[in-house]
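Encoded as structure tokens, the structure appears first; notes follow it.
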Amino acid sequence: MQPVTITNLDRLLTALIQARQRGELHETVLERLPSEPGADHIFGTRTDKGEFKPLIRFRFDQQLPDNYADVLRKHGYQRIWCKQSER
């Protein structure tokens, strides 16, 4: 039996599915791109008060595949970019 490799894309989809199950996420995913070298790449949602709520963070060295936006779309998520400074 071969070991199972869990990718960063798997981790992202799992975090989104769990947030959807908890009722914290419907279909819009906010993506905060790193604003400076070494900054985290964060995916989250907005709370009822309009505040950004992180769901998962990736360090600068944790890469996602180039087609991750297509995979999110296939799973029914709409991705919106926002700047690190937006709160």
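We're numbering straight along the sequence, starting at 1.
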Straight-line distance of Leu12 CG to Gln62 CD, nearest 0.5 Å: 11.5 Å

Atom CD1 of Ile6: over 12 foreign heavy atoms under 6.0 Å: no

Thr7 side, atom OG1; Gln63 side, atom CD - distance, nearest 0.5 Å: 13.0 Å

Close side-chain approach of Gln78 and Val29, heavy atoms under 4.5 Å: no

Side chains of Gln18 and Glu24 in contact at under 4.5 Å (non-hydrogen atoms): no

Residue pairs, two or more places apart or on separate chains, that pass salt bridge (Lys or Arg N to Asp or Glu O under 4.0 Å) and touch residues 10-21: none

Leu9 to Pro65 - nearest heavy-atom pair and separation: CD2-CG, 3.9 Å

Nearest-0.5 Å distance that lies between atom CG in Asn8 and atom OH in Tyr68: 12.0 Å

Nearest-0.5 Å distance that lies between atom NE2 in His26 and atom OG1 in Thr45: 7.5 Å

For the student: nearest non-hydrogen atoms of Ala69 and Arg79, plus distance: CB-NH2, 3.2 Å

Phe52 and Arg46, any side-chain heavy atoms less than 4.5 Å apart: yes

Over 12 foreign heavy atoms within 6.0 Å of CG, Asp48: no

Over all atoms of both residues, closest heavy-atom pair of Phe43 and Leu72: CE2-CD1, 4.5 Å

Rounded distance [0.5 Å steps], NE2 in His41 versus CG in Leu33: 5.0 Å

Over 12 non-hydrogen atoms of neighbours within 6.0 angstrom of CG in Asp66: no

Closest approach of Ala39 to Pro34 (non-hydrogen atoms, all atoms of both residues): O-CB, 3.6 Å

Distance (rounded to the nearest 0.5 Å) between Asp40 CG and Phe60 CZ: 9.5 Å

Heavy-atom check, side chain of Leu16 versus side chain of His75, under 4.5 Å: no

